[in-house]
Every structure is written in C-alpha cells, then in structure tokens.
*Asks:* 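Got a structure for you, written out below as structure tokens; questions coming shortly.
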Amino acid sequence: MHKPLRRHSHNKLLELKPLLDGISREVESAGYIRNDPVQFMHAFESKRDMEIAGFLAALMAWGRRDVVIRKTEGLLKRMGYSPYTYVINYSPSDADDFRTFRHRTFNQTDIHGLISALQAVYLSFDDFEEFWKTCYKQSMDEKRTLLSVFHSRFLTISGELDARTWKHVSSPDNNSACKRLTMFLRWACRKGSPVDTGIWDFLSPSQLFIPLDVHIARQSRRLGLLTRRSNDWKAVEELTEIFRLMSPADPSVYDFALFGLGALGYSLPHRYFLNPV
C-alpha cells in the first residue's frame, strides 16, 4: 500500500506561489501557440469558426502534441478550412470526406457524430457558447457539474452519435478528469492571455478547472499540491481548490507552470518537492 502523499502547509503554498507565477508568466507567451493545439483557435477570425476548430482540436488532444496538431490540421483541411460553413451545410453523404481519417481511436464514425451534433447545436442556438450557457444554467438549477450536463445534452442533441463516440466526450459522472473539455474551456474563457482566446463570456476564469493529465498530476503530487493518487475528477477538484487559494480569480493559469516544470525544463528549489512519485 502506498504511503499517504504529503501536502504543503498554507504558508508554504504562499511561499511557492510567486515561483509558480514566474514560471507561468514565462511559459504563457505568444511563442507557446505554435507548438500547441490552441493554435487552431487563433487560425480563424470568426467566433463560430474559432469555437468549432478549438473544440475539435481539444477532443483530438490525445498523445504527442506534434501528432495532435498534424491530425487536427488534416481534419480541418477535409472541412475546407471553413469549419462553420462545413458544419452548417453538412449532410450524411459528406461523411465520406473522413473515410480514411484516423487518430488514436477516432475514426469516420466519430467525426460524423461530432459534426452532426455541432450542426444540431447551430440550428438551435446562435453559437456554441449559447449552447454551453444553457448547459450552465441547467447545471446551476439542478446542482450538477457543468460538464455532466454538457455531456448528456451534447451527445443526444442530434441522434447521430454512435455509442462508440460517447467515450470521446468525457463526464465527471464517470469520474473522468475531463482534461480535454477543461482545456477547451480554458482556451475559450480565459481573458487577457497571449495564449487563451477569451472569446466566451458565459464562464469567468475563476470558475475554470485545471486541465489534468498524467504529467500535470505527477508534478502536482511531487510538489505537495495534490494528494489523491487517481487522475480523476476528484483530483481535478482537489488541485483546482489549491490553485484557487493561490489565485482566486484565475486558478487555471498554473497549468502553464506545471507544464513548464514537466515538459520545458523549468525547475524549483528541491525543498518544495515533498513526494517522490
């Protein structure tokens, strides 16, 4: 049995904060965009194109970033680099455009289902943000998590999503960390960032959750920020609450610091690493 992981004291967190803030400021720069799937939101000017490209890029964000970028580029190329026009005019016969598309477990069936669902959204709402806004209101009324409501509504809005596609849109109800959806919301909702676009207003940055993957989780445990060993929704909640203590208005900014520590070679004094993991 593993020993319980240790957590930093409140005073130690306050001591650690300026160090993480400094790494975040360095990592969160315009240069970050060219090597990250967020680039596909920056590639367009219209809000609808940006939100569709960003959503699809986030769902593709599984594995090495260079592969994710190449696969998302291929997907958008098949859509004529006009995501909204393609989605709104899509018909089942167009599914053949994705006959040879593969990325991890994504295939033609999944892309057809996702585009059909997006089309149903745009036929009923002004844009994708308006759909998310109604999901948010429902989540508040029903005291459910936003991503749980989004999951159930998005996957049933068109009737075209095959059961195999459901696994590509995660939900806290299954205790998933929902990394790709929390990352997409960060891209869309964080303001004043050279990386995140901030094109949506329905959710404030203070309400965002940290996108949790194995690398972010590992660094968080080493630093005594996360004591839960499973990379699940409860871990997302635990880590986000710690970051809300450090930055109540913008907890997800620390995604950049942890990425810098895990992938870009940034370091901290050894005394801040509490747990060998």
Side-chain angles (χ1 to χ4, degrees), residues 1-29 32 35-38 57-69 104-105 147 167-168 170-172 174-187 190 195-196 208-247 250-277:
M1 181 178 292
H2 292 294
K3 292 181 180 179
L5 295 175
R6 294 183 294 165
R7 175 181 287 167
H8 276 306
S9 67
H10 181 72
N11 287 340
K12 205 70 171 180
L13 290 176
L14 295 180
E15 185 181 319
L16 181 59
K17 172 180 163 54
L19 302 179
L20 294 180
D21 287 343
I23 296 174
S24 292
R25 282 192 297 270
E26 290 192 34
V27 173
E28 188 184 9
S29 67
Y32 180 96
N35 296 314
D36 191 84
V38 72
L59 293 187
M60 295 289 116
W62 182 9
R64 283 171 32 195
R65 291 200 298 167
D66 60 331
V67 175
V68 171
I69 290 168
R104 305 296 290 250
T105 63
L147 296 184
K167 67 179 179 291
H168 295 303
S170 50
S171 169
N174 300 323
N175 213 17
S176 167
C178 301
K179 182 254 183 176
R180 288 174 281 179
L181 291 178
T182 55
M183 182 176 66
F184 171 64
L185 289 176
R186 198 202 80 200
W187 292 351
R190 278 190 74 240
V195 175
D196 299 321
L208 295 173
F209 286 89
I210 195 79
L212 184 74
D213 60 20
V214 293
H215 306 292
I216 298 301
R218 181 173 182 272
Q219 294 303 321
S220 299
R221 293 185 182 104
R222 289 181 67 212
L223 283 168
L225 302 171
L226 178 63
T227 60
R228 186 170 178 81
R229 290 190 178 273
S230 298
N231 296 338
D232 54 18
W233 186 250
K234 292 179 181 177
V236 172
E237 292 180 316
E238 179 187 342
L239 184 58
T240 302
E241 284 306 307
I242 291 295
F243 286 143
R244 283 185 177 137
L245 291 174
M246 299 171 75
S247 179
D250 191 18
S252 64
V253 67
Y254 294 111
D255 189 24
F256 293 103
L258 295 177
F259 178 76
L261 288 170
L264 300 181
Y266 285 83
S267 61
L268 290 169
H270 182 73
R271 66 181 180 276
Y272 291 108
F273 293 98
L274 284 185
N275 301 298
V277 292

*Asks:* I want to check something: taking the side chain as every heavy atom from C-beta on, are Leu223 and Leu274 in contact at a cut-off of under 4.5 Å?
*Replies:* no
*Asks:* Mind checking salt bridge (Lys or Arg N to Asp or Glu O under 4.0 Å) for Arg65 and listing every partner two or more places apart, or none if nothing turns up?
*Replies:* Asp36
*Asks:* For Lys12, give me all partners under side chain to side chain donor-acceptor pair (under 3.5 Å), at least two apart in sequence or on another chain.
*Replies:*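 If we apply the side chain to side chain donor-acceptor pair (under 3.5 Å) test to Lys12, skipping adjacent residues, there are no hits.
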*Asks:* Return the set of residues passing side chain to side chain donor-acceptor pair (under 3.5 Å) with Arg228 (not counting sequence neighbours), or none when no residue passes.
*Replies:* Asp232
*Asks:* Provide the full list of salt bridge (charged side-chain N to carboxylate O under 4.0 Å, His left out) pairs with a residue in residues 258-270, sequence neighbours left out, each pair given once.
*Replies:* none
*Asks:* Taking atom types as modelled, find out whether Arg218 and Asn275 have a side-chain donor-acceptor pair closer than 3.5 angstrom.
*Replies:* no
*Asks:* ring-ring contact (aromatic ring centres under 6.0 Å, His included): which pairs involve residues 257-277, sequence neighbours left out?
*Replies:*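 Only Tyr32-Phe259 qualify under ring-ring contact (aromatic ring centres under 6.0 Å, His included).
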*Asks:* Is the backbone of Ser171 close enough, under 3.5 Å, to the side chain of Ser176 for a donor and an acceptor to pair up by distance?
*Replies:* no
*Asks:* Which residues pass the side chain to side chain donor-acceptor pair (under 3.5 Å) test with Arg6, sequence neighbours left out?
*Replies:* none
*Asks:* For a 4.5 angstrom cut-off between non-hydrogen side-chain atoms, does Pro4 reach Thr227?
*Replies:* no
*Asks:* Mind checking what makes side-chain contact (heavy atoms from CB on, under 4.5 Å) contact with Ala57, not counting sequence neighbours?
*Replies:*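 Checked Ala57 against side-chain contact (heavy atoms from CB on, under 4.5 Å); matches are Pro37, Phe40, Thr72, Trp187.
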*Asks:* List in chain and number order the residues that pass salt bridge (Lys or Arg N to Asp or Glu O under 4.0 Å) with Arg180, two or more places apart in sequence or in another chain; answer none if no residue qualifies.
*Replies:*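 Result, salt bridge (Lys or Arg N to Asp or Glu O under 4.0 Å) vs Arg180: none returned.
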*Asks:* Residues in side chain to side chain donor-acceptor pair (under 3.5 Å) with Arg190, at least two apart?
*Replies:*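 Side chain to side chain donor-acceptor pair (under 3.5 Å) list for Arg190, sorted by chain: Glu28, Asp196, Asp250.
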*Asks:* Quick one: salt bridge (Lys or Arg N to Asp or Glu O under 4.0 Å) partners of Lys17, sequence neighbours excluded?
*Replies:*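 With sequence neighbours excluded, Lys17 shows a salt bridge (Lys or Arg N to Asp or Glu O under 4.0 Å) to Asp21, given in chain and number order.
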*Asks:* Is any side-chain heavy atom of Tyr254 closer than 4.5 Å to a side-chain heavy atom of Leu225?
*Replies:*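 No, their side chains stay 4.5 Å or more apart.
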*Asks:* Taking the side chain as every heavy atom from C-beta outward, state whether Leu20 and Val253 have any atom pair closer than 4.5 Å.
*Replies:* no
*Asks:* Among residues at least two apart in sequence or on other chains, which ones pass ring pair (Phe, Tyr, Trp, His ring centres under 6.0 Å) with Trp233?
*Replies:* Phe209
*Asks:* By the salt bridge (charged side-chain N to carboxylate O under 4.0 Å, His left out) test, which pairs, at least two apart or in different chains, include something from residues 252-275?
*Replies:*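 Salt bridge (charged side-chain N to carboxylate O under 4.0 Å, His left out) check on residues 252-275 returns Glu15-Arg271, Arg186-Asp255.
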*Asks:* Keeping the roles fixed (side chain from Thr182, backbone from Lys179), state whether a donor-acceptor pair exists under 3.5 Å.
*Replies:* yes
*Asks:* Might you confirm whether atom NZ of Lys234 has over 12 heavy atoms from other residues, nucleotides or ligands at distances under 6.0 Å?
*Replies:* no
*Asks:* Under 4.5 Å between any side-chain heavy atoms of Leu5 and Leu226, yes or no?
*Replies:* no
*Asks:* With side chains defined as the heavy atoms from C-beta onward, is the minimum distance between Leu185 and Leu147 less than 4.5 Å?
*Replies:*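 Of all side-chain heavy-atom pairs linking Leu147 with Leu185, at least one is under 4.5 Å.
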*Asks:* Quick one: CE on Met60 to CD1 on Ile69, what's the gap to the nearest 0.5 Å?
*Replies:*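 It comes to 14.0 Å.
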